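No experiment lies behind these values; they were computed from the predicted model shown. Note that these values count all heavy atoms, side chains included, but never hydrogens, waters or copies made by symmetry.
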Amino acid sequence: MIYVLWGELYASVFERVKSSIGNTGRVLLAYNTNIDAVKYLGRKDLEERVEKAGKDEVFRYIDSLPGRIENVPQLLGSILWSVKRGKAAELFVESCSTRFYMKRWGWDELRMGGQAGIMANLLGGAYGVPVIVHIPQLSNLQASLFKGGPIYTPKAENGKLRFVHPRDFAGDEENCLHYIYEFPRGFRVFEVEAPRENRFIGSADDYNPNVYIRAEFKERFGEIAEGVELAIISGLQALTAENYREPLEVIEGHLETLNELEIPVHLEFAFTPDETVRKALLGLLGKFWSVGLNEVELASVMDVMGEKSLAEKLLARDPVDPIAVTEAMIKLAERTGVRRIHFHTYGYYLALTDYRGEFVRDALLFSALAAAAKAKLGDVRSIDDVIRAMDVPVNEKAKPVEDALVKEYGMKNGIAEVNGYQLAFIPTKIVMKPKSTVGIGDTISSSAFVGEFALH
Ligand code: ADP
């Protein structure tokens, strides 16, 4: 019975977003854009490379990752570390000769990387929403990864600021390359076997890890912000206690400018390993309208807020306990003053807002449709691709989640009133054999945030 309701709600939302999303003004996207060079590992090739680099030397790193990569045996050993565990890892590649080695090793595929870049291609390239994107380094290769459509980046020329498509920027800057070494489940090298599919990333990128901010954005942010209606900030996750102060100071200035212009800003919160940085981000959250995170990220935030047992509860059950999530969201909202929190996990989303309306829930539905389309098709090429996920079934495992929310908060049609906030819930659509889930979190958060303003 209840799933008839969700089927109807899903069916009605797409046309409404499609017809209104064109009215959204420009969306500012900052700060991370890079090139993902994806290599699908082959057993023979990798074994030969390991032999050549010295098997003993390489195997020194299979049980303890180096802090950063300074030579080829460390690179190959780190890849084996990931394979052995079926776990993702990412390390900075320091040495030029190792970078050159990776370049000659090559790649099978180039993809847009970095949340700002990925969202630019989705919002601008697929949805047709005009975006202004910060690109730390504009090389020809980086420019070629932008889709056509209303995607702009500011360029200072003869003292004037022009907004051009990245391909018309004619930049000859450096490549920020993230080499992604992917392996399937069961992948074997020597006696090592991967328990599940995953990837190791070696990043030859001197810009994004430090959140390098371009001169145009440092010197003329006021002009850039003036033509904007919404903003999405991302890419702060790699900062460390050593390098975070300078970029966060600049970003705080940007937030103040955006706040003065009354432009709602969303923070896409990716997992931030450094606790000092996580605390600093928590301190900045009050300057954001909205934040998007998953269960691991929400737990990590509870951790630095001193809510250890709540953090543990968030990671204890599958599906994630929605009452624990709601408690955590309320704590976060009360502590920081952020006006909207969008939580996503495998199977359902929640949004806590200090304002009310069905459009909050409906934007979540649109974003779940977009996520399912992305999983099903691998890439969302146009807004009409989103509707192709309508036949993906609504996740029935979310039923007990909904029942718990109905019981605890008297939720009706996915909406409840909790502690002076509105809580919106939706069960998502789950694609059983996804083509790709890379960047799916970015698809969810940006579609919901922009979708909400389109619907309102
Ligand atoms: P990433 O950093 O890879 O984008 P996130 O945790 O931010 O990861 O986002 C992953 C989200 O994608 C999950 O919370 C879930 O809602 C959604 N998702 C994952 N797999 C599927 C799938 N097969 N079908 C639909 N949605 C999915």
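Remark: Lys376 NZ to Lys433 NZ distance equals 14.0 Å, nearest 0.5 Å. The CG atom of Asp354 lies 4.0 Å from the CZ atom of Arg339; values are rounded to the nearest 0.5 Å. Atom-to-atom distance recorded for Leu41:CG and Phe200:CZ is 10.5 Å, nearest 0.5 angstrom. Atom OG of Ser82 is separated from atom CD1 of Ile62 by 10.0 Å, given to the nearest 0.5 angstrom. Atom OG1 in Thr98 sits 7.5 Å away from atom CD1 in Ile69 (nearest 0.5 Å).
Put simply, the side chain of Asn121 gets close to the backbone of Lys147: a donor and an acceptor are under 3.5 Å apart. Of the possible polar contacts, none joining the Gln422 side chain to the Arg356 backbone as a donor-acceptor pair under 3.5 Å is found. Of the possible polar contacts, none joining the Glu8 side chain to the Leu5 backbone as a donor-acceptor pair under 3.5 Å is found. Between the side chain of Lys155 and the main chain of Phe169, a donor-acceptor pair closer than 3.5 Å is present.
A perpendicular orientation is assigned to the rings of Tyr31 and His134, their planes being inclined by more than 60° (bins at 30° and 60°). Classified by interplanar angle (parallel below 30°, tilted 30° to 60°, perpendicular above 60°), the ring pair His456/Phe359 is parallel. Aromatic ring pairs are classed by plane angle as parallel below 30°, tilted from 30° to 60° and perpendicular above 60°; the pair Tyr212 and Tyr207 is perpendicular.
Relative to the ring axis of Phe190, Arg43 does not place its NZ or CZ within 45° and under 6.0 Å from the centre. Under a cutoff of 6.0 Å and an axis angle of 45°, Lys429 and Tyr10 form a cation-pi pair. Cation-pi geometry between Lys39 and Tyr181 is not met: the NZ or CZ atom fails to fall both under 6.0 Å from the ring centre and inside 45° of the normal.
Side chains of Arg199 and Tyr40: no donor on one and acceptor on the other come within 3.5 Å.
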Distance-only criterion, 3.5 Å: show the donor-acceptor pairs between side-chain atoms of residues 326-336 and protein atoms not counting sequence neighbours.
from   : atom 1 : to     : atom 2 : distance (Å)
Thr326 : OG1    : Pro322 : O      : 2.7
Thr336 : OG1    : Leu332 : O      : 2.8
Thr336 : OG1    : Val338 : N      : 3.2

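The aromatic ring centres of Phe449 and His342 sit 6.0 Å or more apart. Within the 6.0 Å centre-distance limit, the rings of Tyr355 and Trp289 are counted as a close aromatic pair. Centroid-to-centroid, the aromatic rings of Tyr127 and Phe366 come within less than 6.0 Å.
Leu405 places a side-chain heavy atom less than 4.5 Å from the side chain of Ile323.
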side-chain hydrogen bond (donor to acceptor under 3.5 Å, both in side chains) between Ser234 and Asn32, worked out: CA-CA 7 Å; Ser234 59; Asn32 57 335; 3.0 Å; yes
Do Ser139 and Glu173 pass the side-chain hydrogen bond (donor to acceptor under 3.5 Å, both in side chains) test, and can you show the C-alpha distance, the side-chain angles, and the key distance before you say yes or no? CA-CA 5 Å; Ser139 65; Glu173 299 171 353; over 6 Å; no
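Among residues two or more places apart in sequence or in another chain, the side-chain hydrogen bond (donor to acceptor under 3.5 Å, both in side chains) test is passed with Glu216 by Arg214.
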